[in-house]
Structures are given as structure tokens and as C-alpha cells.
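What follows is a set of notes on a single structure, which appears directly below.
When a residue number appears, it is its place in the shown sequence, counting from 1. Being a predicted model, the structure only gives us computed values, none of them experimental.
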Amino acid sequence: MKKLFLLFLGLASVPAAFSQGASGIDWAADLDYLARELPAKHCNLFAKYDRARFESAIDAIKASAGDDGDFATALKTQQLIARLGDSHTMLYFNQLINRQDILPLGLLWVSDGLYVIRTTAENKELLGHRLTAVGEAPVRTVIDSLSTLFTVDNEAMVKSMIPQLFPSLQLLEYFGFARNRQVELTLDGSMTRTLKPSEPQQAAPAAFQPDSLPFALAARNVLFTDRYFPEEKIYYILYNSCWGRESEAEFNSREKAASLPSFTEFCEKAFGILQDNPSGKSFSTCGTTAEGIRHRGQPSSKGWPGC
């Protein structure tokens, strides 16, 4: 039997097949496949990273895979891929994350740091406080370590990805910030708490809502949206996911597609707003995805630029 371990590329997709052994993954075969197929399928894999260093790193990961285990080997592989400098190319290690090892820690990144906005009722005293350290490590060190798991195109990507990765106890343990299935948090510089994973079905949620949020953060849970700011003459288009009714109908479920917004209709609306309103600047950004672009003026006749 074969399982699929997905690699996403900017111009092509490579399915990295791996056979089932005792751990379910034959890392030697898969890493050989990766080393052979990724350079062949990618348009310019070594634009920012030397081939010899890549091949040497692959050999080192293969040599330690037996001792490291699946999760650490997957992370080492993704760290190597991230160093290649293409944010569209990644190893999807999420399927190896144990959902029972997720901390009840919802974070929001604002101008002065990461704040706790969601947790469980038993930890509600954490709400509204700024996270300043994990164990003995300053939060900046934790952010820098987690940032090695993806290609950093810009600071917005870091601010989007870190709150998603931070609650994984496995990731914190991998980097040495947690042990014994718990983590020591410092908030506001002096408040300390021990946090452990909790059963999602049994944990009563508690949340903190800031008084106000920027447009992009307030709309972070929708697929895509927009807003025209007449005073500034700015039209802001936000993509949180490169998906919509058309994509869902083509690739997944036509039934589910009926409940999703249409990207085609959204584009038509965008053109209409730009035609009917003065717009000195327009912004098209991928808020919670790994992409983002910024441009001035009107979209081209070939279509709306985006994901």
C-alpha cells in the first residue's frame, strides 16, 4: 500500500509516496524520491540555496531518521525545504501532529506582541495578557524557532503563521521549550502559569474580544472579503483562503460548494467598485495564507491579481 504525503510547489505538485513500515513511513525511500523529483519538477529550486548543501542535508536527515522518529524527521525535512526560499513549496507535516497535544491557547498578534484571546475556562485568567516567555526562552526566541518551519517572505507571514503553530505542544517540545507534556508560560513579564493539553470535547471555552481590530484581523475567518475606505480612497481586498464556490465544485463537493461564496461574483463586484469609486491605491493581500501582493491602480483586463 502507498500513502500520499503532499508537497506543494509554485508551478507543480509532487506527490511523495511512502510505503508503510513499522512507523508507516520509509524515510530513506521518500527522501531519495524528494531529492530526485523536487529539483526535477521545480522551475528553479536552487535559486537561493546550493544543491550540494541540499543533498548533504538530505543525507543527514536520512541518517538520523531512525532515531529521530517520524515527527522530528518531517520537521527537519520541512526546515530544509523552507531554506530553499520558495514559500509555495512545503512538506505538509500537519498530518503528523497529535490533536491530543494541542494547548488551549488562542493567540492574537498585535503591535506590541502576542496576546491570549482564547483558552479554557480553567485558564481564563490568561485572557487578555501578553505572552512574554515560554519556559526560560523569551517569546522572540520561540517565534524565531517556529519561523524556521516555513519560508519567510515577509513579516505579515510570520504574524499569520506563528499563532497557528504556537499551540502545538509537539512543536514546542521539538525546539526544547516544553517537556513532560506541559509548558511554563510567562505573561506580562511576571505572571507565570503551567499549561497542559486539554480534551477539546470536554474543555469549556473562554474567549477575550479586544475593543477593536484592524479590518484584516476582524475578517480573518471568512474566505475573502473587501472594504472601500472613501476618506483614504483605498480599496482593500482580502483573501484568507484561495478557495470558493467554483474551486469546491471542481475539486471536492458540489453540494458543499452551494454554501460557499462565489469568487467569480466577488471579482465582478471588485471591478464594479473600482469603476464606480476613485481609488488612489488598491491592496490585494492573502491575509492568512502564505501569499500576498500589493499593487497600485486598476486590475488588468486579464483578471484580478491574487492567489
Please examine the side chains of [Y] and [X], heavy atoms only from C-beta on, and report whether any two atoms are closer than 4.5 Å.
| X | Y | answer |
| --- | --- | --- |
| V139 | F166 | yes |
| L114 | P163 | yes |
| L91 | L34 | no |
| V116 | L185 | no |
| E136 | F177 | no |
| M157 | N154 | yes |
| F150 | L165 | yes |

Once you round to the nearest 0.5 Å, how far does [atom1] of [X] lie from [atom2] of [Y]?
| X | Y | atom1 | atom2 | value |
| --- | --- | --- | --- | --- |
| L146 | T141 | CG | OG1 | 11.0 Å |
| Q164 | L149 | CD | CG | 12.5 Å |
| N123 | R118 | CG | CZ | 14.0 Å |
| T73 | D30 | OG1 | CG | 11.0 Å |
| I58 | D32 | CD1 | CG | 8.5 Å |
| R83 | D50 | CZ | CG | 12.5 Å |

Indicate yes or no for a side-chain donor-acceptor contact from [X] to the backbone of [Y] under 3.5 Å, with no hydrogens or angles considered.
| X | Y | value |
| --- | --- | --- |
| S168 | I102 | no |
| N98 | Q100 | yes |
| D26 | A29 | yes |
| T119 | P104 | yes |
| S56 | A52 | no |

Sequence neighbours excluded - salt bridge (Lys or Arg N to Asp or Glu O under 4.0 Å) pairs with any residue from residues 173-189: D101-R181
Salt bridge (Lys or Arg N to Asp or Glu O under 4.0 Å) partners of residues 254-267, not counting sequence neighbours, each pair once: R245-E265
So, for [X] and [Y], which heavy atoms are closest and what is the spacing to 0.1 Å?
| X | Y | answer |
| --- | --- | --- |
| I81 | T151 | O-OG1, 4.3 Å |
| L131 | V134 | CD2-CG2, 4.5 Å |
| R227 | F229 | CD-CZ, 3.3 Å |
| F175 | S145 | CZ-O, 3.2 Å |
| D226 | K269 | OD1-NZ, 3.0 Å |
| L126 | R193 | CD2-CG, 3.4 Å |

List for me each residue that meets salt bridge (charged side-chain N to carboxylate O under 4.0 Å, His left out) alongside [X], sequence neighbours excluded, and say none if there are none.
| X | answer |
| --- | --- |
| R51 | E55 |
| D144 | R140 |
| K196 | none |

Selection residues 103-114 - residue pairs positive for side-chain hydrogen bond (donor to acceptor under 3.5 Å, both in side chains), sequence neighbours left out: D112-Y115
Can you sort out the partners of [X] under side chain to side chain donor-acceptor pair (under 3.5 Å), two or more places apart, ordered by chain and number?
| X | value |
| --- | --- |
| S262 | E246 |
| W243 | E248 |
| R53 | none |
| K159 | none |

Derivation of the side chain to side chain contact (heavy atoms under 4.5 Å, CB included) call for L171 and L75: CA-CA 9 Å; L171 292 179; L75 294 187; 3.6 Å; yes
Residue list, ring pair (Phe, Tyr, Trp, His ring centres under 6.0 Å) with Y49, at least two apart or on another chain: none
CA sep, side-chain torsions, deciding dist, call: W27, D70, side chain to side chain contact (heavy atoms under 4.5 Å, CB included): CA-CA 8 Å; W27 283 107; D70 291 343; 2.9 Å; yes
Within 6.0 angstrom of E155 CD, more than 12 heavy atoms from elsewhere: yes
Neighbour count above 12 (heavy atom, 6.0 Å) for K62 NZ: yes
Of all pairs that satisfy ring-ring contact (aromatic ring centres under 6.0 Å, His included), the ones with a partner from residues 53-87, not counting sequence neighbours: F46-F54
Residues Q182 and T194: side-chain donor-acceptor under 3.5 angstrom: no
Evaluation steps, side chain to side chain contact (heavy atoms under 4.5 Å, CB included), between N240 and N221: CA-CA 7 Å; N240 288 320; N221 294 322; over 6 Å; no
Pair Y239 and F263, ring centroids less than 6.0 Å apart: yes
Joint hydrophobic cluster, M191 plus L107, side-chain heavy atoms closer than 4.5 Å: yes
